[in-house]
Q: 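Let me begin by handing over the structure; questions about it come next.
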There are 2 protein chains.
Amino acid sequence: MRIGELSARSGASVRSLRYYEEQGLLTAGRDSAGRRRYPESAVARVALIRRGFAASLSSRVIADLLPLLEAACVPRSRALLDAERQRLEAQIAAMTQARTRLDEVIALVTDPTRKCDA
Amino acid sequence: MRIGELSARSGASVRSLRYYEEQGLLTAGRDSAGRRRYPESAVARVALIRRGFAASLSSRVIADLLPLLEAACVPRSRALLDAERQRLEAQIAAMTQARTRLDEVIALVTDPTRKCDA
DNA sequence: TCGGGACCTCACACCAATGTCAGCTTTTAG
DNA sequence: CTAAAAGCTGACATTGGTGTGAGGTCCCGA
């Protein structure tokens with residue numbers, strides 16, 4: 001199929017599909033006019049790629065992961081994914097801490113002698 | 001005081017102090033040679049600015065907030081901060097959902113017939 | 001008078017996926 | 001035949017606090 005159809009069937013924009021290719025996540029053949037041609041399996045591949053993005057994985061990590069998944073190499077895939085999970089946890093922790101800081105500021109603003117001109 | 005001393009006393013880099021000024025968070029006088037001069041109160045102001053950043057506020061929001069704090073306008077400050085808190089909560093929720101997605105991928109990889117070549 | 005340190009402005013780099021525009025070719029419908 | 005639709009490449013914008021470097025001014029001590 002061509003890129004427009006893949007876009008419609010996968011939900012990814014045409015721009016995104018070209019980007020995935022640029023990042024080495026998706027390969028495409030070319031027809032005589034230079035247009036990308038995709039096999040049926042590309043739909044599933046894009047779905048997997050998008051799952052990765054939805055899981056906050058970067059294109060780089062997805063590029064590393066896809067070959068491992070194809071090779072069905074569980075331990076290595078796990079190692080990669082666990083590291084990403086840890087990164088994500090750290091980010092969540094950072095934002096949670098920021099929320100605590102924000103609550104402190106809110107308390108600071110709210111508690112003292114309150115006066116307002118508007 | 002000059003920018004180097006303010007940097008040392010506040011913990012913010014010289015670069016950051018200039019950036020704060022550019023964003024309208026911090027004002028500075030100039031001496032005859034064009035160098036920035038800060039009053040003692042600048043130390044406290046930078047501390048407050050940095051608290052804002054630590055609470056994940058953007059320079060834009062801090063710029064809006066500082067005048068309200070100076071006017072001791074609690075309700076408006078609260079409105080602003082509450083809105084930011086909500087934004088932060090939404091981000092935390094998004095990342096938490098991403099973690100769930102990641103866990104799904106991990107389950108997907110881990111569960112099936114496991115085999116590995118490395 | 002010379003060296004160096006502190007300061008100045010301007011500006012690019014970073015991270016990263018996507019939107020969008022420009023300018024072009026090819027295919028296809030009418 | 002022609003116009004529209006679909007595709008192509010290439011490139012810039014977005015977001016934002018900070019690092020870093022170039023190139024210049026100024027001031028102080030030796």
Side-chain angles (χ1 to χ4, degrees), chain A residues 1-38 42 46-66 84 87-88 90-91 94-95 98 101-102, chain B residues 1-38 42 45-66 84 87-88 90-91 94-95 98 101:
Chain A
M1 78 195 75
R2 290 185 306 190
I3 199 170
E5 185 182 346
L6 180 56
S7 172
R9 288 176 59 184
S10 68
S13 70
V14 169
R15 175 68 178 89
S16 293
L17 294 176
R18 294 197 188 108
Y19 176 72
Y20 300 162
E21 181 175 337
E22 183 185 290
Q23 298 300 305
L25 310 181
L26 184 63
T27 56
R30 299 296 176 124
D31 66 15
S32 59
R35 291 177 301 196
R36 290 171 179 80
R37 303 312 294 253
Y38 300 93
V46 173
L48 190 53
I49 291 168
R50 300 195 86 204
R51 264 191 114 153
F53 282 125
S56 89
L57 301 184
S58 68
S59 60
R60 173 56 199 270
V61 169
I62 297 174
D64 291 344
L65 180 63
L66 286 175
E84 286 302 306
R87 178 190 57 77
L88 192 48
Q91 286 189 9
M95 304 200 73
R101 299 278 164 273
L102 187 54
Chain B
M1 78 195 78
R2 289 186 309 192
I3 199 169
E5 184 182 347
L6 180 57
S7 171
R9 289 176 59 186
S10 68
S13 71
V14 169
R15 174 71 177 90
S16 292
L17 294 176
R18 294 197 189 108
Y19 176 72
Y20 299 163
E21 181 175 337
E22 184 185 290
Q23 298 300 304
L25 310 182
L26 184 62
T27 57
R30 297 298 175 122
D31 67 13
S32 59
R35 291 176 303 195
R36 292 169 177 80
R37 302 313 294 253
Y38 300 93
R45 189 167 181 96
V46 173
L48 189 54
I49 291 168
R50 300 195 87 204
R51 264 192 116 155
F53 282 126
S56 90
L57 302 184
S58 68
S59 60
R60 172 56 198 270
V61 169
I62 297 174
D64 291 343
L65 180 63
L66 286 175
E84 286 302 307
R87 178 191 55 79
L88 192 48
Q91 285 190 9
M95 304 200 73
R101 300 278 164 273

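The sequence lines fix the lettering, A, B, ..., with proteins before strands; numbering per chain opens at 1. What you see below is based on every heavy atom in this structure, not just the backbone, and it leaves out hydrogens, waters and symmetry mates.
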Q: OP1, OP2 of dC8(C) versus side-chain N and O of Arg36(B): anything below 4.0 Å?
A: yes
Q: Has the side chain of Arg35(B) got a donor or acceptor atom that lies under 3.5 Å from a matching backbone atom of Ile3(B)?
A: no
Q: Using a cut-off of 6.0 Å, state whether more than 12 heavy atoms not belonging to Arg60(B) lie near its atom CZ.
A: no
Q: Closer than 4.0 Å, any side-chain N/O of Ser58(B) to the OP1 or OP2 of dT15(D)?
A: no
Q: Please figure out whether Val14(A) or Arg2(B) has its closest DNA chain C nucleotide nearer the 5' end.
A: Arg2(B)
Q: Can you check the Gln23(B) CD to dG16(D) C1' distance for me, whole Å?
A: 8 Å
Q: Would you indicate what Arg60(B) reaches in the nucleic acid, counting non-hydrogen atoms under 4.0 angstrom: base, sugar-phosphate, or nothing?
A: nothing
Q: Which whole-number value in Å describes the distance from Leu17(A) CG to dG19(C) P?
A: 10 Å
Q: Tell me which nucleotide among dT27(C), dC7(C), dG7(D) gets nearest to the side chain of Ala33(A).
A: dT27(C)
Q: From the set dT27(C), dT18(D), dT20(C), return the single nucleotide nearest to any side-chain atom of Ser32(A).
A: dT27(C)
Q: Would you please confirm or rule out a distance under 4.0 Å between OP1 or OP2 of dT18(D) and any side-chain N or O of Ser16(B)?
A: yes
Q: Just how far, in rounded Å, is C1' of dT18(C) from CG of Leu25(A)?
A: 14 Å
Q: So which one's nearest nucleotide on DNA chain D is more toward 5', Gly4(A) or Arg35(B)?
A: Gly4(A)
Q: Can you tell me how far the CG atom of Leu26(A) sits from the CD1 atom of Ile62(A), to the nearest 0.5 Å?
A: 11.5 Å
Q: Starting from P on dG10(D), measure out to CZ on Arg15(A) and report it in whole angstrom.
A: 12 Å
Q: Just the rounded figure in Å: distance from C1' of dC26(D) to CZ of Arg37(B).
A: 13 Å
Q: Taking all non-hydrogen atoms of both residues, which atom of Val46(A) and which atom of Ser10(A) are closest, and how far apart?
A: CG1-CB, 3.5 Å
Q: Report which part of the nucleic acid Arg30(B) touches: base, sugar-phosphate, or nothing (heavy-atom distance under 4.0 Å, all strands).
A: sugar-phosphate
Q: Nearest 0.5 Å please: distance from the CG atom of Asp64(A) over to the OG atom of Ser59(A).
A: 9.5 Å
Q: Could you give the CG-to-C1' distance, from Asp31(B) to dC8(C), as a whole number of Å?
A: 11 Å
Q: Tyr20(B) side chain N/O closer than 4.0 Å to the phosphate oxygens (OP1, OP2) of dT18(D)?
A: yes
Q: What is the distance, rounded to the nearest whole Å, between atom CD1 of Ile3(B) and atom P of dC26(D)?
A: 18 Å
Q: Would you kindly give the CD-to-P distance between Glu22(A) and dT9(D), to the nearest whole Å?
A: 10 Å
Q: Nearest to the side chain of Arg18(B), heavy atoms from C-beta on, is which of dC27(D), dA17(C), dC7(C)?
A: dC7(C)
